[in-house]
Amino acid sequence: MRIDILTLFPQVFSSTFEESIIKRARDKSLAEINIANIRDFAANKHMQVDDYLYGGGPGMVMKADVVQAAIKHHQTEDSWVIYMSPQGKALNQSRVQELAYKKHLIVLCGHYEGIDERAADIFDEEISIGDYILTGGEIPAMVLIDATVRLIPGVLGDEKSLEEESFSTSLLEYPHYTRPQVYADREVPPVLVSGHHENIRKWRKKQSLLRTLLKRPDLLLKHQFDEEEQQLLYEILFEGE
Ligand code: 4H3
């Protein structure tokens, strides 16, 4: 996958993308991530990228011609152009899974009051990472890219954990433990050291259901229960587990 990030603040991305999973994806050539400075596409000699609002009011707006030039420079037939915006559709794991199949993402990060409306028809999609306003689209872009790149086969190094994740995106994860076996007078649940793989699998599934019921009951309403999950939920509710 290729990802072009268009931003007025390219240095914001350097630390994040030089550490972490994203670095691994780049090193293994699984993702080619390029950061472009929108200012390089400014048309006039003052390198102007923003201007005052028609109609008055505080703040500045990014100029339509500059934004369009930056996008068009990177755009091909395979591109999917995303504008990070609080007005966009909320990002969730199933949308991330779809984006992971795209050949080329162009992610536009706005600043100031946003972008001249006449640049908007060039976006394929507006995406929001949640109902709050940030000073720029850079952090939302990092969220989207991190979530997407980790789904590219080979990036995480163990495909198994992704498989488990994909069938359980509507449930929360089961609790995890590592050594020592007793910590602060609390023992690791015995089933996990039993070596009985089927019992471990069932215990984990039941814990996922229990956690989701207690912490995110809203997710359970949307969940498609298979037969085993129905049985486990019955045990949780009526057999005191
Ligand atoms: C996205 C972008 C929040 C989100 C953003 C989000 C600044 C977009 C400016 C930038 C516009 C004002 N804030 N929730 N901020 O995903 O360019 O909207």
Side-chain angles (χ1 to χ4, degrees), residues 1 3-17 20-22 31 33-44 46-75 79-102 104-152 169 216 218-219 222:
M1 173 186 278
I3 303 174
D4 287 303
I5 304 164
L6 311 185
T7 173
L8 284 172
F9 299 90
Q11 61 300 354
V12 170
F13 290 91
S14 53
S15 63
T16 322
F17 288 174
S20 85
I21 210 101
I22 304 290
I33 303 173
N34 166 57
I35 298 152
N37 192 338
I38 296 172
R39 198 169 293 277
D40 294 342
F41 299 88
N44 63 31
H46 303 106
M47 294 296 213
Q48 191 184 8
V49 292
D50 58 336
D51 209 336
Y52 299 102
L53 276 94
Y54 274 116
M60 305 287 275
V61 175
M62 287 168 73
K63 289 165 68 63
D65 60 329
V66 180
V67 169
Q68 288 227 350
I71 292 171
K72 288 203 168 124
H73 178 84
H74 293 89
Q75 201 171 26
S79 305
W80 188 254
V81 182
I82 298 168
Y83 176 47
M84 304 311 303
S85 159
Q87 299 185 8
K89 202 157 167 232
L91 186 65
N92 57 35
Q93 192 62 24
S94 71
R95 186 65 195 129
V96 172
Q97 272 162 1
E98 290 167 2
L99 292 174
Y101 287 105
K102 301 275 186 201
H104 181 205
L105 299 181
I106 296 176
V107 185
L108 175 66
C109 309
H111 242 272
Y112 316 117
E113 294 313 302
I115 284 167
D116 186 309
E117 190 59 30
R118 293 162 296 181
D121 53 10
I122 201 170
F123 313 144
D124 292 306
E125 187 178 22
E126 284 183 57
I127 294 181
S128 167
I129 62 159
D131 286 338
Y132 36 80
I133 316 290
L134 302 169
T135 54
E138 284 77 13
I139 292 170
M142 285 184 212
V143 170
L144 177 118
I145 291 161
D146 188 287
T148 305
V149 168
R150 68 183 283 286
L151 295 185
I152 297 171
T169 42
R216 290 292 305 276
D218 57 306
L219 294 179
K222 289 185 244 164

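Predicted model only: the values in this text are computed from it and were never measured. In each ligand, atom 1 is the first atom listed, and ligand 1 is the first ligand listed.
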Judging by distance only, is a nitrogen or oxygen of Leu134 under 3.5 angstrom from one on ligand 1?
yes

Tell me the contacting part of Thr135 for ligand 1: side chain, backbone, both, or neither, using a 4.0 Å heavy-atom threshold, strictly below.
backbone

Under 4.0 Å from a heavy atom of Pro140: which atoms of ligand 1 are those, numbered in the order shown and with their elements?
1 (C), 4 (C), 16 (O)

Could an N or O of ligand 1 be found under 3.5 Å from any N or O of Ile129, whether backbone or side chain?
yes

Please report which non-hydrogen protein atom sits nearest to atom 17 (O) of ligand 1, along with the residue it belongs to and the distance in Å to one decimal place.
Tyr83 OH, 3.0 Å

Pair Glu126-Ile82, side-chain contact (heavy atoms from CB on, under 4.5 Å): steps then yes or no:
CA-CA 6 Å; Glu126 284 183 57; Ile82 298 168; over 6 Å; no

Is a donor on one side and an acceptor on the other found under 3.5 Å between the side chain of Asp116 and the backbone of Lys63?
no

For Val143, state whether at least one heavy atom is located under 4.0 Å from any atom of ligand 1.
no

Looking at Ile139, I want to see if its CD1 is surrounded by more than 12 non-hydrogen atoms of other residues, nucleotides or ligands under 6.0 Å.
no

Reported CD1-to-OG1 distance for the pair Ile33 and Thr16, which is rounded to 0.5 angstrom
10.5 Å

To the nearest 0.5 Å, what is the distance between CG (Leu144) and CZ (Arg95)?
9.0 Å

How does Ser85 reach ligand 1, by side chain, by backbone, by both or by neither, if only non-hydrogen atoms under 4.0 Å count?
backbone

Is it true that atom CD of Gln87 has more than 12 heavy atoms of other residues, nucleotides or ligands lying nearer than 6.0 Å?
no

To the nearest 0.5 Å, tell me how far Leu99 CG sits from Met1 CE.
7.0 Å

Which value, rounded to the nearest 0.5 Å, describes the distance between Ser14 atom OG and Ile35 atom CD1?
7.5 Å

Using a 3.5 Å cut-off on N or O atoms only, is Tyr112 in polar contact with ligand 1?
no

Have a look at Gly136, Gly59, Pro86, Gly137 and point out the one with the heavy atom closest to atom 18 (O) of ligand 1.
Pro86

What residue and atom, counting heavy atoms only, is the protein's closest point to atom 3 (C) of ligand 1, and at what distance?
Tyr132 O, 3.4 Å

Tell me whether Asp131 at atom CG has more than 12 heavy atoms from other residues, nucleotides or ligands lying less than 6.0 Å away.
no

Heavy-atom pairs closer than 4.0 Å: do any link ligand 1 to the side chain of His111, the backbone, both, or neither?
backbone

For ligand 1, which is the ligand I care about here, please tell me if Glu113 has any N or O atom under 3.5 Å from one of the ligand's N or O atoms.
no

Which residue and atom name correspond to the protein heavy atom nearest atom 14 (N) of ligand 1, and how close is it?
Gly130 O, 2.9 Å

Can you find an N or O of Ser128 that's nearer than 3.5 Å to an N or O of ligand 1?
yes

